[in-house]
Amino acid sequence: MVIMIKPGVQQDKIEHLRNWLEEKQLIVREYQGQEQCVLGLIGDTVSIDVDMLRSLDIVESVADMRDPFKASNRALHPDDTIIQTMGGKGPSIGGGNFGLIAGPCSVESREQVLFVAEEVKKAGANFFRGGAFKPRTSPYDFQGLGEEGLDLLMEVKRTTGLPIVTELMDIRNLEFFDEVDVIQVGARNTQNYDLLRELGKVKNTILLKRGLAGTIKELLMSAEYIMASGNENVILCERGIRTYESDYARNTLDLSAVPILKKLTHLPVIVDPSHATGRAELVPAMSAAVAAAGADGIMIEVHNDPAKALCDGPQSLTPEEFRETAAKIFKIREAIM
């Protein structure tokens, strides 16, 4: 349920209404927009007398929020959420702020990550991504450097000033992620609800990827687990879904998810064309399409020597290819803004 408060109402009257609603065992989320206040009610609202609410002199309107996702719903939060990183000192995503996230699939060495980080920063990237813990289909593939990889990412952060994006696979490793700016939840963990609940208790921004065969509603409900536990700094990521096409692309990039999500939710929406296509030659074209679709950011895999990469080399751009792709992205954004 969404309660629209009339413009100009004194805060003490809003607090009085909020306290009364909370006594009904409801979670009340208050959003102060540019023009008026909105109260979103989460929980069993059957016992609430809607006609009585509408009759209050401070209430403009009351509407039923039928979608199962509440905290992430744009009906509750009409303006775009802006995610600020590094305590407000780093780049932001959402509300017109664009995030260009780039880096290798996995951290392989100090020389590798420092070189790639400097190159992508010069090309315009404002976030650095790299995997320290890697989810792999085969147990015999490279699984990442673990804690050593996290240490190398922190060195990248200190050297370049770029905020770090890296994936958390296991709740048991959460204690090592205190200084990670954006914790990524991969496609395999999108519905790991125990993990999502724990991430709702931390201060880090969470980048939540869509599941391999997940629907848009399932993605939003996963975000709801994080937000309901207290962490509202969530970025949604479309990374391609599994369809019957497997010969010419790794997954099928669902670009329609961008405008759909932008309509349904106030959370920032980014796209990962590298995992969506699985082929480096497709990434530049899909990145251009993502920028044109109005996404809040793009995440691209970049490796100094893709042919020798320990993970996902075929979908990784070289630094030079990334530079060319980034230039096109910025031109498209300039044209559509």
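- Among residue pairs with one or both ends in residues 277-302, those qualifying as salt bridge (Lys or Arg N to Asp or Glu O under 4.0 Å) are R129-E301, K262-D296, R279-E281; sequence neighbours excluded.
- In this structure, H266 contributes its side chain and A75 its backbone to no donor-acceptor pair below 3.5 Å.
- Side-chain atoms of K217 never come within 3.5 Å of backbone atoms of G214 as a donor-acceptor pair (strictly under, hydrogens ignored).
- With hydrogens and angles disregarded, a donor-acceptor distance shorter than 3.5 Å links the side chain of S316 to the backbone of D312.
- Other residues, nucleotides and ligands contribute at most 12 non-hydrogen atoms within 6.0 Å of the NZ atom of K13.
- The pair R54-D49 does not meet the salt-bridge criterion, since no charged nitrogen lies less than 4.0 angstrom from a carboxylate oxygen.
- Heavy-atom neighbours of E320 CD from other residues, nucleotides or ligands within 6.0 Å: at or below the threshold of 12.
- Applying the side-chain hydrogen bond (donor to acceptor under 3.5 Å, both in side chains) criterion to N189, with sequence neighbours excluded, gives N192.
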Using residues 145-156 as the side-chain source, report each donor-acceptor pair under 3.5 Å to any protein atom, sequence neighbours left out, with the distance given to one decimal.
from	atom 1	to	atom 2	distance (Å)
E155	OE1	R110	NE	3.2
E155	OE2	R110	NE	2.7
E155	OE2	R110	NH2	2.7

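- Salt bridge status for K331 with E334: absent, with no side-chain N to carboxylate O gap under 4.0 Å.
- With no hydrogens or angles considered, a side-chain donor-acceptor pair links S72 and E224 at under 3.5 Å.
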- Message: Pair L39, R29 - check side-chain contact (heavy atoms from CB on, under 4.5 Å), show working.
- Response: CA-CA 6 Å; L39 298 181; R29 293 186 179 272; over 6 Å; no
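- Closest non-hydrogen pair, E238 versus A257, comes out as OE1-CB, 3.8 Å.
- Residue-environment remark: NZ (K308) stays at or below the threshold of 12 foreign heavy atoms within 6.0 Å.
- Look at K157 and D181 and you find a salt bridge, because one of the NZ, NE, NH1 or NH2 atoms lies within 4.0 Å of a carboxylate O, short of that distance.
- Expressed to the nearest 0.5 Å, how far NZ of K201 lies from CG of L196 amounts to 12.0 Å.
- E30 and Q11 share a donor-acceptor pair across their side chains, judged by distance under 3.5 Å alone.
- We find that D254 and R210 are joined by a salt bridge, their nearest charged nitrogen and carboxylate oxygen being less than 4.0 Å apart.
- A pairwise comparison of heavy atoms in P259 and L255 identifies CD-O, 3.3 Å as the closest pair.
- Contacts classified as ring pair (Phe, Tyr, Trp, His ring centres under 6.0 Å) and involving residues 290-336 (residues at least two apart or in different chains) are not found.
- In this structure, A223 and L267 approach most closely via the heavy-atom pair CB-CD1, 4.2 Å.
- The minimum heavy-atom distance between H275 and N251, with the atom names listed, is O-ND2, 3.0 Å.
- For the pair E245 (side chain) and Y248 (backbone), a donor-acceptor distance under 3.5 Å is present.
- Here OH of Y225 is found 12.5 Å from CG of L195. Values are rounded to the nearest 0.5 Å.
- Contact detail for V50 and M1: the closest heavy-atom pair is CG2-CE, 3.7 Å.
- Counting only distance, with no hydrogens or angles, the side chain of N204 and the backbone of F177 share a donor-acceptor pair below 3.5 Å.
- Side chain of E15 to main chain of L17: no donor-acceptor pair is present (N/O by atom type, distance under 3.5 Å, no hydrogens or angles).
- Under the 4.5 angstrom side-chain criterion for Ile, Leu, Val, Met, Phe, Trp and Tyr, the cluster partners of I270 are I83, I93, I101, F127, V165, V182, L207, I235, M299.
- In this structure, Q84 and T205 approach most closely via the heavy-atom pair O-OG1, 4.4 Å.
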| said: The test is side-chain contact (heavy atoms from CB on, under 4.5 Å); show your working for R74 and T265 and say whether it passes. | reply: CA-CA 4 Å; R74 188 174 284 278; T265 180; 5.6 Å; no
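- Judged as a side-chain contact (heavy atoms from CB on, under 4.5 Å), and not counting sequence neighbours, the contacts of T277 are L282, V283, M286.
- Taking a cutoff of 4.0 Å between a charged side-chain nitrogen and a carboxylate oxygen, E324 and K328 do not qualify as a salt bridge.
- With hydrogens and angles disregarded, a donor-acceptor distance shorter than 3.5 Å links the side chain of H77 to the backbone of D79.
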| request: Output, in order, the C-alpha distance, side-chain angles, deciding distance and verdict of side-chain contact (heavy atoms from CB on, under 4.5 Å) for V302 and E119. | output: CA-CA 10 Å; V302 181; E119 290 297 305; over 6 Å; no
